[in-house]
Each structure stands twice: as C-alpha cells, then as structure tokens.
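Beneath this line is the structure, given in structure tokens, with notes to follow.
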Amino acid sequence: MKAALQMKGNVARSVNPYGIRQEVLNEINYVKAQGSYEGPKKVLIIGGSSSYGLSSRISSAFGAGADTIAVSFERGPKTETNIGTAGWYNNIFFREFAEEAGLVAKNFVGDAFSLAMKQQVITYIQKEFGGKIDLLVYSLASGVRVDPMGKKWFSSLNPIGQDVTGENINLETEEIFEQTVHAATPEEVEGTVKVMGGEDWEWWVNLLKEAGVLADNFKTVLYSYIGPKMTHAFYHGGALGRAKDQTEESAVRINENIQDIAGKATIIVARAVTTKASVVIPILPKYLIALYKLEENHESPIMHIDRTYRTMLYGDQANYDEKGRMRPDSFELEPTLQAKVEALFNEITAENFKTDIAAYDLFRKEFLNLNGFEVEGNTVDEFEFDDLLTLKP
Ligand code: NAD
C-alpha cells in the first residue's frame with residue numbers, strides 16, 4: 001500500500017511508517033554527530049513517543065548511552081486504513097535502533113495517569129531494567145486524565161478572563177482564518193491544571209521513591225512554555241499557562257521529597273516547536289512561521305533537547321531564572337529577535353503567508369515529518385499491512 005497524507009484541520013489522520021523510521025534514524029544521527037556526553041544512564045520518560053519526550057530519549061540513549069523506558073498512549077495498526085499513530089512507530093523503531101546499539105529500550109503503551117501503569121513500570125524496573133532510575137522526564141501532553149478517584153478531567157487551550165481573537169493556520173486547507181477562542185470557565189481552568197499540571201508528576205516520583213527505584217543524585221524534569229508577550233493571551237496567561245504555573249509548586253514539593261537522595265526536580269522552559277500538541281494551540285502556528293523565518297538558530301525538538309541536555313542539564317552552561325527554572329528558551333525570547341518577530345507577525349496575511357515573507361514551508365515540512373512524510377533520506381512510501389502487524393512495541 002502507498003502511504004498517503006490525510007488530515008483533519010491540524011491533526012494528521014495517516015502516517016508513513018517507514019518515513020517515521022527514517023526520521024527516528026535522522027534524529028539519532030543528529031545526536032551522534034554532536035558526540036557523546038556524560039549524562040544519564042537509566043531514564044524513564046513519561047510521554048516518550050513523540051517530539052520533546054522522544055527527543056529526550058534519543059539524546060539520553062545516543063548521546064549519553066542510557067537505557068530507557070518510555071510510557072506513551074498510542075495506537076497500533078487495526079485495519080489497512082487505520083494503521084495507527086506516529087508515536088506507535090516511533091516507539092518501535094527507536095527500540096530497534098537502540099537494541100542494535102546494545103541499549104535497553106522498553107516501551108509501555110497505555111495510560112500513564114493510571115496506578116496500574118505506574119505499578120507495571122515499577123515492577124519492570126525492580127525485576128528487569130538492571131538498575132535504578134537516574135532521570136525521570138515528564139513530557140505528557142494530553143487532553144484528558146482520569147484521576148486516582150476515577151474522575152475524568154479535560155484540559156483546555158483557552159484564555160483566561162477574556163475571549164481572544166487572532167489568526168490561525170489550517171494545515172489541511174492551507175489557509176489562514178480568523179479564530180475567536182472563548183475565555184475558559186473556572187471548571188475548564190481547573191480541568192487543565194488537573195491534566196497538564198504537576199499532580200501526576202508528583203505521584204510518579206512518590207511511588208518510584210517509595211519503591212526504592214530512584215538512584216542517588218536522581219534528576220527529574222518537566223517541560224514548560226512561557227513564550228513572548230504576544231502569545232501570552234492564549235498560552236502563558238491562559239488555562240495551559242495556569243497548569244504550567246502549578247507545576248512549579250509541584251517541583252518544590254518533589255524537591256523536598258527527594259532531598260535525602262540528593263535529587264533535583266527542574267522545570268525546563270523549552271522553546272516553541274512544531275509538534276502534534278503545539279499545532280493545535282490557537283494562534284500559535286502564525287507565531288511559529290514568523291519566528292522560524294527570523295531566528296538564526298532554528299531548532300527542532302531534537303536539536304533543542306540535545307543542546308539542553310549536553311550543555312545545561314548535564315553541562316555547565318545552564319541559565320536559570322529567578323524562579324529556578326532552566327531557560328534554554330533564551331534564544332527564542334531574545335528581545336531584538338522578538339521585536340522583529342512581532343513586526344513580521346503583523347505583516348503576515350492570508351494572501352502572503354505562503355510566500356517567502358514567512359517560514360510556512362518549514363513549518364509544514366516539520367509537521368509532515370512528524371508523521372513520516374517528506375522525510376529527508378526516506379525512499380520507502382509503500383508498506384504491507386501484514387508487515388506492520390508483525391512489528392511489536
Ligand atoms: P506530543 O503530543 O508530541 O507528545 C505527548 C506525549 O504524551 C506522547 O508521547 C503521548 O503518547 C503521551 N501521552 C499523552 N497522553 C498520555 C497518557 N494518558 N498516557 C501516556 N502517555 C500519554 O507533545 P509535545 O509537544 O512534545 O509536548 C510535551 C511537553 O512539552 C508538554 O508538557 C508541553 O506542554 C511541553 N512543551 C511543548 C512545547 C511545544 O512547542 N511543543 C514547548 C514547550 C513545552
């Protein structure tokens with residue numbers, strides 16, 4: 001069968017499995033080309049199947065030689081027209097490449113918010129992983145969470161206090177459209193904090209610690225976003241921003257809890273990148289095509305995370321803000337760059353956004369690459385459905 005792109009708005013409905021394999025390989029080769037670094041050795045990544053979580057896994061494994069466990073929520077192939085999600089194939093091909101390199105790579109597919117998943121992972125670490133965890137990466141992006149009491153919460157991408165109107169890009173129709181996002185209700189804000197805040201991160205650390213599977217000098221990180229003022233109305237100042245603020249309280253509690261093992265929890269404020277989660281954030285895509293056009297050091301997730309790990313988290317060049325958050329996003333927020341981005345953002349229109357004035361082509365290519373399309377070096381766009389069924393996570 002031939003892999004063909006199908007989209008609904010800014011969500012991909014199809015994937016190109018062997019394009020995904022090549023993309024994973026390209027990212028591994030990127031990390032290898034930077035050389036090795038002294039980093040983590042036993043890593044657990046919650047949300048490890050795509051973008052920032054997958055990049056954390058690739059950098060740890062192929063930069064620092066780490067064994068890795070990833071937990072993710074993905075779907076495998078069901079029918080010829082429903083062959084599963086990109087993350088499903090990222091997990092499989094990452095594991096294959098890591099095992100070829102002599103590394104342990106274990107994939108758990110299921111609900112990371114659940115107690116059952118936490119217990120399965122802990123049992124695996126105790127019985128099979130061959131050592132305690134020295135890095136826990138919490139990189140979930142989800143619209144829904146069932147909490148320990150069985151209550152279902154939904155996260156929202158809405159602003160707080162006022163409706164916000166702005167322009168967004170529809171990747172399916174390739175059009176700019178005006179979008180009004182209504183102000184979140186208090187319940188929507190509460191739900192977003194429950195899903196995207198730090199409560200579940202704390203729970204993971206508590207259970208891992210109680211089970212005695214955290215190494216001395218253990219580190220844990222959670223990725224946050226702040227962005228420039230022009231994005232605050234719909235992101236940092238919105239429901240998602242409120243959830244990210246709450247993660248800072250969680251980090252304080254985690255730090256108290258892991259003091260006795262000389263552990264450290266850090267919020268990493270990461271840069272804006274093209275991912276499955278970010279392209280559905282209202283208005284953000286238009287900001288991204290302006291930013292990508294003007295920045296000198298454009299970074300994809302693998303470039304950003306690999307730099308952050310080797311020079312900051314495990315290097316000596318980390319910069320922290322007054323709240324103790326690590327700030328690799330400083331390149332994105334550089335004031336001269338941001339002044340130019342804001343001016344360009346205001347010049348981009350429905351008529352000109354695909355021209356050279358902005359970086360729409362790069363944005364679209366990065367989006368397609370996430371799903372295995374238009375991947376550099378890939379020559380295989382065909383697949384046999386039965387072959388996909390033999391690939392095991
Ligand atoms: P993504 O959608 O590419 O990845 C999300 C991961 O979470 C996937 O591995 C998915 O399988 C997993 N997941 C979702 N629900 C799950 C569940 N119930 N159980 C197990 N796994 C589940 O997202 P991303 O853009 O890489 O975002 C990761 C984190 O980085 C988020 O916290 C996000 O806010 C943050 N961040 C993103 C950006 C950006 O521009 N994309 C910038 C800064 C920070």
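Read the numbers this way: they start at 1 and go in the same order the structure lists the ligands and their atoms. Keep in mind that what you see is a predicted model, and the values were worked out from it rather than measured.
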No-hydrogen, no-angle side-chain donor-acceptor test under 3.5 Å, N352 and T349
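On atom types as modelled, these side chains qualify, holding a pair under 3.5 Å.
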Residues D381 and N16: side-chain donor-acceptor under 3.5 angstrom:
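Looking only at side-chain atoms, N16 and D381 do form a donor-acceptor pair, the distance falling under 3.5 Å.
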Would you say G87 contacts ligand 1, with heavy atoms under 4.0 Å as the rule?
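It does not; every heavy atom stays at 4.0 Å or beyond.
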Enumerate the atoms of ligand 1 whose separation from the nearest heavy atom of G110 is less than 4.0 angstrom.
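By the 4.0 Å cutoff, the relevant atoms are 19 (N), 20 (C).
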Atoms of ligand 1, numbered as shown, that sit under 4.0 Å from any heavy atom of A277
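Reading through ligand 1 atom by atom, the close ones are 2 (O), 23 (O), 25 (O).
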Quick check: does [X] get an N/O under 3.5 Å from an N/O on ligand 1?
| X | answer |
| --- | --- |
| K244 | yes |
| V144 | no |
| F113 | no |
| S50 | yes |
| L140 | yes |

Centroid separation under 6.0 Å, is that true for the rings of F97 and F62?
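Ring centroids of F62 and F97 are no less than 6.0 Å from each other.
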Would you verify whether the NZ or CZ of K244 falls within 45 degrees of the ring axis of Y235 while also being under 6.0 Å from that six-membered ring's centre?
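So K244 doesn't make the cation-pi contact.
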